[in-house]
Amino acid sequence: MLVALRPSDAPWFRWPSASPGRPATVGEALGDLMAARGWPGAADWARRANRIAPTIVGGSKKHGGADLGPTRAKRAWAELGVDGISIADTAPGPDADPAGRPG
């Protein structure tokens, strides 16, 4: 693993502690957030998002903002029911398509 920091930020960096057990799936980690605004598809989405997430590689203001990575990573996110082409600012609301793929 590689972590890059500005020297001025380095004193505050701490490696995370290992968590006991298995890592959470995308659905377990984000299910309650996806339901927060009343999206009727949240529970089904969380059940389908049943794997560990691909690595998020970044993005930049220069290139249009957040990005879930190269084509292969975007494909893996799509299999988890996440639109890797755009990143939403909020969870889907009650009027969003229950079968939709949130961004």
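From a predicted model like this one, the values you see are computed outputs, not experimental measurements.
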For [X], check side chain to side chain contact (heavy atoms under 4.5 Å, CB included) against everything at least two apart and list the hits.
X     : result
Arg72 : Arg75
Ala96 : Trp39, Pro92
Arg14 : none

Measure across [X] and [Y] and return the closest heavy-atom pair with its distance rounded to 0.1 Å.
X     : Y      : result
Ala46 : Gly31  : CB-CA, 4.1 Å
Pro54 : Ala73  : CG-O, 4.2 Å
Gly81 : Arg101 : O-CG, 3.0 Å
Ala53 : Leu80  : CA-CD1, 4.2 Å

Next on the checklist: My understanding is that only residues two or more places apart in sequence, or in another chain, count here; which of them pass salt bridge (Lys or Arg N to Asp or Glu O under 4.0 Å) with Arg47?
Outcome noted: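 Salt bridge (Lys or Arg N to Asp or Glu O under 4.0 Å) list for Arg47, sorted by chain: Asp44.
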Item to check | salt bridge (Lys or Arg N to Asp or Glu O under 4.0 Å) involving Arg51 - partner list, sequence neighbours excluded | outcome: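 Per chain and number, Arg51 pairs via salt bridge (Lys or Arg N to Asp or Glu O under 4.0 Å) with Glu79.
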Checklist entry - Can you list every salt bridge (Lys or Arg N to Asp or Glu O under 4.0 Å) pair that touches residues 19-37, not counting sequence neighbours? => result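 The answer is Arg22-Glu28.
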Checklist entry - Quick one: OG1 on Thr25 to CZ on Arg48, what's the gap to the nearest 0.5 Å? => result 13.0 Å
Checklist entry - Honestly curious: do Trp45 and Leu33 fall in one hydrophobic cluster under the side-chain, below-4.5 Å linking rule? => result yes
Checklist entry - Mind checking whether Trp15 and Leu5 sit in one hydrophobic cluster, side chains of I, L, V, M, F, W, Y counted as touching below 4.5 Å? => result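 Same cluster: Trp15 reaches Leu5 through Ile, Leu, Val, Met, Phe, Trp or Tyr contacts under 4.5 Å.
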